[in-house]
Amino acid sequence: MIEIQDVRFGYDRKKAKVFDHFSLQLEPNCIYGLLGQNGTGKSTLLYLLTGVLFPEQGHILVEGMDTRKRKVEMLSQMYIVPETFELPKMRFMEYVKTYSPFYEAFSMKVLEECMKEFQLPLTCNIQDLSMGEKKKVMMSFALATGTRYLLMDEPTNGLDVPSKRQFRKVIASNMTDERTIVIATHQLHDVEQLIDHVLILKDSQLLLNQSIAELTDRYGFGLLPEDIAADDILYSERNVQGDVGIWLRRPDDQETTVELEMLFNAAVQGKVRS
């Protein structure tokens, strides 16, 4: 479990803090979607969780260990795939042999399966890969580490449509009861069918912190029912299908699929909150 307790952090003492009195708890066996526009603190939060950045105030605990101390026991159970990165100029298997010993649960079988799904050979030369292919390589290695905590920052940026489908498949296939995955993104449709908990940030504040199960139990999404009372409609817009939106679910309403784009817009406008 990760506990963020009353954290304060900023890059410049003279400017507004990125986070101020920010608290959050992340549970195992959960894929979190950390949603927000650029500049809302998504990447900063990931770097705070991994101990790359230190809070000015408050504590971040990973399995009870303070991230400031950067203990080997903690770092060996965490892996982050940043939005942008540079990989060394070597063959991929050299990279694997160099870095896999840092992770006790590293699985060559998982690596092979992920690379096969991404249609990339294990014998590839990293420097010959496109940026999208490098992302696939990085994500394959990340999943193979077997860490309890896997953090990904805009992982689908630079991926084409088939690759995004492959991404969702390898993430879902390698989720375990002990694992916590946090995917920070503003590409809402890419993670809509993957995540089981939604975190929405705006102005570095947590607007929404709810599971998909809670959201589907509480709200309806999609075409607005003809007999719905106006007071029960929380958010609405018009598209080619007609009037769509979010409403308070009634006892007889069928369960609907959470539509992240509408949920995000509603949360940002203050119409849906935890």
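The figures here come from the full heavy-atom set of this structure, side chains too, leaving out hydrogens, waters and symmetry mates.
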For the pair Thr67 (side chain) and Gly51 (backbone), establish whether a donor and an acceptor sit closer than 3.5 Å, ignoring hydrogens and angles. no
Asp252/Arg250 under salt bridge (charged side-chain N to carboxylate O under 4.0 Å, His left out): CA gap, chis, key distance, verdict: CA-CA 6 Å; Asp252 295 333; Arg250 300 163 297 181; over 6 Å; no
Determine yes or no for a side-chain-to-main-chain donor-acceptor pair under 3.5 angstrom, with Arg249 supplying the side chain and Thr216 the backbone. yes
Go through the steps to decide whether Glu154 and Thr185 satisfy the test side chain to side chain donor-acceptor pair (under 3.5 Å), and finish with yes or no. CA-CA 5 Å; Glu154 301 290 356; Thr185 184; 3.2 Å; yes
Please determine, by modelled atom types, if Thr44 and Tyr11 share a side-chain donor-acceptor pair under 3.5 angstrom. yes
Name the orientation class of the two ring planes belonging to Tyr99 and Tyr95 (parallel below 30°, tilted from 30 to 60°, perpendicular beyond 60°). tilted
Residue pair Arg91, Cys124: steps toward the side chain to side chain contact (heavy atoms under 4.5 Å, CB included) verdict: CA-CA 6 Å; Arg91 303 200 73 81; Cys124 65; 5.9 Å; no
Under a 3.5 Å threshold, yes or no: a donor from one side chain and an acceptor from the other, between Gln25 and Glu27? yes
Result for side chain to side chain contact (heavy atoms under 4.5 Å, CB included) between Tyr235 and one of Asn265, Leu263, Val272 points to Asn265
Kindly work out whether a path of hydrophobic side-chain contacts (I/L/V/M/F/W/Y, heavy atoms less than 4.5 Å apart) joins Met152 to Val110. yes
Which one of Lys135, Met139, Lys164 satisfies the side chain to side chain contact (heavy atoms under 4.5 Å, CB included) criterion with Thr156? Lys164
Do Ser43 and Asp153 get their side chains close enough for a donor-acceptor pair, meaning under 3.5 Å? yes
Step by step, work out the side chain to side chain donor-acceptor pair (under 3.5 Å) result for Asn209 and His197. CA-CA 7 Å; Asn209 177 12; His197 199 105; 2.6 Å; yes
Give the cluster check for Leu207 versus Phe19: same hydrophobic cluster or not, with ILVMFWY residues linked at side-chain heavy-atom distances below 4.5 Å. no
Backbone of Ser211 reached by a side-chain donor or acceptor of Glu214 within 3.5 Å: yes
Is it the case that one hydrophobic cluster holds both Met262 and Trp247, taking links as side-chain heavy atoms less than 4.5 Å apart, direct or via other members? no
Contact check, side chains of Lys17 and Glu56, non-hydrogen atoms, under 4.5 Å: yes
Side chain to side chain donor-acceptor pair (under 3.5 Å) assessment of Asn157 paired with Glu83: CA-CA 8 Å; Asn157 277 3; Glu83 180 178 6; 3.0 Å; yes
Sub-4.5 Å side-chain heavy-atom contact between Ile80 and Leu49: no
Donor-acceptor pair, Gln269 side chain versus Ala266 backbone, under 3.5 Å? no
Can you tell me how the ring of Phe141 sits relative to the ring of Phe106, calling it parallel under 30°, perpendicular over 60° and tilted otherwise? tilted
Which of these, Glu63, Arg179, Gln77, sits in a side-chain hydrogen bond (donor to acceptor under 3.5 Å, both in side chains) with Tyr149? Glu63
Where do Phe167 and Leu159 land on the side chain to side chain contact (heavy atoms under 4.5 Å, CB included) test, with the steps shown first? CA-CA 9 Å; Phe167 162 76; Leu159 298 185; 4.3 Å; yes
Between Glu261 and His189: side-chain donor-acceptor atoms closer than 3.5 Å: yes
